[in-house]
Engineer: 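Have a look at this one.
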Protein chains: 2
Amino acid sequence: MHNRSSIIRMSHYRNAVLRLKAMNFVRVFSDNLADAAGVTAVQVRKDFSIFGITGSRRGGYKVDELIEKFNGILGKDELQKFVIIGVGNLGRALLHYPFEKHGIKIVAGFDIDTGKHNRDSKVPVLPIEDLTEFIEREKIELAVITTPDYAAQKMLDFMIPAGIRGVLNFTPVCLRGPKGVVINNISLVSELENIIYFVNVAENASDEE
Amino acid sequence: MHNRSSIIRMSHYRNAVLRLKAMNFVRVFSDNLADAAGVTAVQVRKDFSIFGITGSRRGGYKVDELIEKFNGILGKDELQKFVIIGVGNLGRALLHYPFEKHGIKIVAGFDIDTGKHNRDSKVPVLPIEDLTEFIEREKIELAVITTPDYAAQKMLDFMIPAGIRGVLNFTPVCLRGPKGVVINNISLVSELENIIYFVNVAENASDEE
DNA sequence: TAGATTGTTAATCGATTAACAATC
DNA sequence: TAGATTGTTAATCGATTAACAATC
């Protein structure tokens with residue numbers, strides 16, 4: 001019901017509405033959001049119904065009300081602070097990715113490599129030894145793991161007692177955590193392999209015409 | 001049947017088997033792969049059945065045969081070449097991400113910013129003006145889009161006539177392309193919002209205990 | 001043979017879509 | 001009122017799970 005896909009769609013709807021607001025839209029229809037999010041209008045209304053978002057028949061949805069609702073659902077009521085574990089190519093990119101306008105702040109990166117440490121950077125990069133204390137002091141509950149694969153599970157096990165409760169894992173290993181800890185995996189290689197597979201399928205399908 | 005999720009699982013199975021091979025496993029059971037990929041053994045066997053992968057009753061699956069099969073499905077028979085459109089923080093990270101061992105090669109990055117151009121780098125960064133010619137000459141069919149959101153659709157429309165047939169889109173806008181062109185979207189913001197949502201749900205659920 | 005594992009068919013579950021009533 | 005749009009209930013579709021037969 002409130003599954004991963006529906007939350008991802010909510011996020012897309014929010015994004016679309018923000019852009020429409022920037023274009024001075026006051027109301028939007030399910031059709032508009034469907035177009036912007038690449039789904040059907042029925043899907044939009046069904047999603048809204050599940051999350052208790054109502055509009056007015058004939059008049060669509062008020063942009064400002066929608067944004068309010070989305071913000072509530074997606075946790076924009078308070079700043080969401082993340083740490084990044086492993087400051088390699090990908091970790092460094094995420095350290096500087098513009099998440100601020102979405103109410104998300106990367107507060108620090110952590111790495112074992114002393115060459116990467118930098119306390120004075122806008123987003124500091126700190127030694128792993130400081131991680132527990134930092135998480136507890138700053139009350140961080142969210143983390144992104146961009147370490148090499150062999151280090152990922154160890155780092156997760158280390159962070160959870162300190163208070164981490166949600167993790168986005170970019171390593172290709174499937175991480176395990178206790179119940180109550182949210183762990184999502186994105187594997188860049190798998191994503192590329194997915195594209196490759198469906199391009200090949202499309203190719204072979206057209207061969208048969 | 002052969003949907004996105006099943007291909008992502010195939011990719012995870014392949015990854016798991018490669019690690020088991022490195023540990024000198026000769027045979028694996030559906031249970032082993034299930035553990036490594038975080039799914040059930042029945043799911044593994046069902047997936048295999050759909051993709052025509054068979055083992056031997058009582059004896060599991062031969063590691064080398066599995067790898068062969070996975071390689072066929074996931075397009076490892078030939079080197080898969082990608083270009084990266086937009087060399088910002090994320091694009092640059094992907095330019096140097098170690099995809100080679102998976103039979104995937106990032107052959108070039110493209111950007112409008114002349115300050116980013118570098119023909120002599122290991123993975124060259126070239127001006128957008130060179131894109132069409134490059135794609136046609138090198139027969140590139142795959143691309144990753146890491147431009148700012150406002151540029152993404154324009155770049156896609158520009159690339160498709162040149163021969164691009166599969167795209168991984170990291171911008172938060174939902175891209176459109178003609179039938180036959182595969183477009184997958186990953187939004188980093190949505191992924192983080194997903195974690196945030198489920199951490200909040202878990203929190204509220206435990207409040208009610 | 002007994003035990004373990006695969007592989008398939010049927011049942012269940014959940015998500016999407018269709019149909020349509022409500023109402024602005 | 002007529003037309004357009006929302007919102008809900010029912011139907012469909014597809015994916016996962018259960019049950020179990022096959023067999024090594």
Side-chain angles (χ1 to χ4, degrees), chain A residues 1-13 16-17 20 25-70 73 174 185 190 194 197-198 201, chain B residues 1-13 16-17 20 25-70 73 174 185 190 194 197-198 201:
Chain A
M1 193 177 178
H2 293 198
N3 56 5
R4 174 183 154 83
S5 313
S6 72
I7 304 298
I8 296 283
R9 285 197 301 270
M10 282 295 165
S11 180
H12 289 155
Y13 298 151
V17 174
L20 293 171
F25 275 49
V26 175
R27 292 163 181 288
V28 294
F29 301 112
S30 53
D31 247 334
N32 302 140
L33 294 174
D35 286 345
V39 299
T40 66
V42 180
Q43 179 74 272
V44 173
R45 295 200 299 275
K46 181 79 180 185
D47 283 338
F48 283 11
S49 145
I50 286 169
F51 282 94
I53 296 174
T54 55
S56 66
R57 296 185 202 245
R58 191 79 182 75
Y61 305 85
K62 287 193 191 151
V63 165
D64 287 331
E65 283 181 14
L66 277 184
I67 293 172
E68 284 283 294
K69 290 277 193 172
F70 291 144
I73 293 164
C174 178
N185 304 289
S190 299
N194 208 264
Y197 175 82
F198 286 106
V201 167
Chain B
M1 194 174 178
H2 293 198
N3 56 5
R4 176 184 152 84
S5 313
S6 71
I7 303 298
I8 296 282
R9 286 198 300 270
M10 282 293 163
S11 181
H12 288 156
Y13 299 151
V17 174
L20 293 170
F25 275 48
V26 174
R27 291 163 181 288
V28 293
F29 300 114
S30 53
D31 247 335
N32 303 139
L33 294 174
D35 286 344
V39 298
T40 66
V42 180
Q43 178 74 273
V44 173
R45 294 200 300 275
K46 182 78 180 186
D47 284 337
F48 283 11
S49 144
I50 286 168
F51 282 95
I53 295 174
T54 55
S56 65
R57 297 184 202 246
R58 192 79 182 74
Y61 305 85
K62 286 191 190 154
V63 165
D64 287 331
E65 282 180 15
L66 277 184
I67 293 172
E68 284 283 294
K69 290 276 193 172
F70 291 145
I73 293 164
C174 178
N185 303 291
S190 299
N194 207 264
Y197 175 82
F198 285 106
V201 166

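Here is the naming used below: chain letters follow the sequence lines, and residue numbers restart at 1 for every chain.
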Engineer: Taking all atoms of both residues into account, what is the closest heavy-atom pair of Thr40(B) and Ala34(B), and its distance?
Structural biologist: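 Result for this residue pair: C-CB, 3.5 Å.
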
Engineer: Restricting to salt bridge (Lys or Arg N to Asp or Glu O under 4.0 Å), what partner residues turn up for Arg4(B), sequence neighbours left out?
Structural biologist: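 By the salt bridge (Lys or Arg N to Asp or Glu O under 4.0 Å) rule, Arg4(B) matches Glu191(A).
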
Engineer: Give the dot-bracket string for DNA chain C, reading 5' to 3', where a pair is Watson-Crick or G-U wobble with both distances under 3.5 Å, ( ) marks pairs inside the strand, [ ] marks pairs crossing earlier ones, | marks a partner on another strand, and . marks unpaired.
Structural biologist: ..||||||||||||||||||||||

Engineer: Please name the pair of heavy atoms, one in Ala16(A) and one in Leu33(A), separated by the smallest distance, quoted to 0.1 Å.
Structural biologist: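 The pair with the smallest heavy-atom distance is CB-CD2, 4.1 Å.
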
Engineer: Going by ring pair (Phe, Tyr, Trp, His ring centres under 6.0 Å), name the residues that satisfy it together with Phe70(A), two or more places apart in sequence or in a different chain.
Structural biologist: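 With sequence neighbours excluded, Phe70(A) shows a ring pair (Phe, Tyr, Trp, His ring centres under 6.0 Å) to Phe48(A), given in chain and number order.
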
Engineer: Strictly below 4.0 Å: does Ser56(A) bring a side-chain N or O up to OP1 or OP2 of dT6(D)?
Structural biologist: no

Engineer: Kindly state each residue pair satisfying salt bridge (Lys or Arg N to Asp or Glu O under 4.0 Å) with at least one member in residues 28-51 of chain A, sequence neighbours excluded.
Structural biologist: Arg9(A)-Asp47(A)

Engineer: Within residues 26-37 of chain B, find the residues that approach DNA chain D with a heavy atom at under 4.0 Å, and present them sorted by residue number.
Structural biologist: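 Close to the strand, none.
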
Engineer: Considering only distance and modelled atom types, tabulate donor-acceptor pairs under 3.5 Å from the side chains of residues 60-69 of chain B, sequence neighbours left out.
Structural biologist:
residue	atom	partner	partner atom	Å
Asp64(B)	OD1	Lys21(B)	NZ	2.8
Lys69(B)	NZ	Gly52(B)	O	3.3

Engineer: Of all the heavy-atom pairs spanning Cys174(B) and Gly38(A), show the shortest one and how long it is.
Structural biologist: SG-CA, 3.9 Å

Engineer: On the 0 to 90° scale, with breaks at 30° and 60°, tag the Phe51(B)-Tyr197(A) ring pair as parallel, tilted or perpendicular.
Structural biologist: perpendicular

Engineer: Could you pull out all residues at least two apart from Arg27(A) that satisfy side-chain hydrogen bond (donor to acceptor under 3.5 Å, both in side chains)?
Structural biologist: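 Testing Arg27(A) for side-chain hydrogen bond (donor to acceptor under 3.5 Å, both in side chains), a comparison that skips the adjacent residues, returns none.
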
Engineer: Heavy atoms under 4.0 Å is the rule here; annotate nucleotides 9-20 of chain D 5' to 3' with B where the base is hit, S where only the sugar-phosphate is, and - elsewhere.
Structural biologist: B-----SBB---

Engineer: Considering residues at least two apart in sequence or located in another chain, which fulfil the side chain to side chain contact (heavy atoms under 4.5 Å, CB included) criterion with Phe198(A)?
Structural biologist: Asn194(A), Ile7(B), Val182(B)

Engineer: Among residues 57-65 of chain B, which contact DNA chain D at a heavy-atom distance under 4.0 Å?
Structural biologist: Arg57(B), Arg58(B)

Engineer: Mind checking what makes side-chain hydrogen bond (donor to acceptor under 3.5 Å, both in side chains) contact with Ser6(A), not counting sequence neighbours?
Structural biologist: Asn3(A)

Engineer: Listed by chain and number, what are the side chain to side chain contact (heavy atoms under 4.5 Å, CB included) partners of Thr54(A), not counting sequence neighbours?
Structural biologist: none

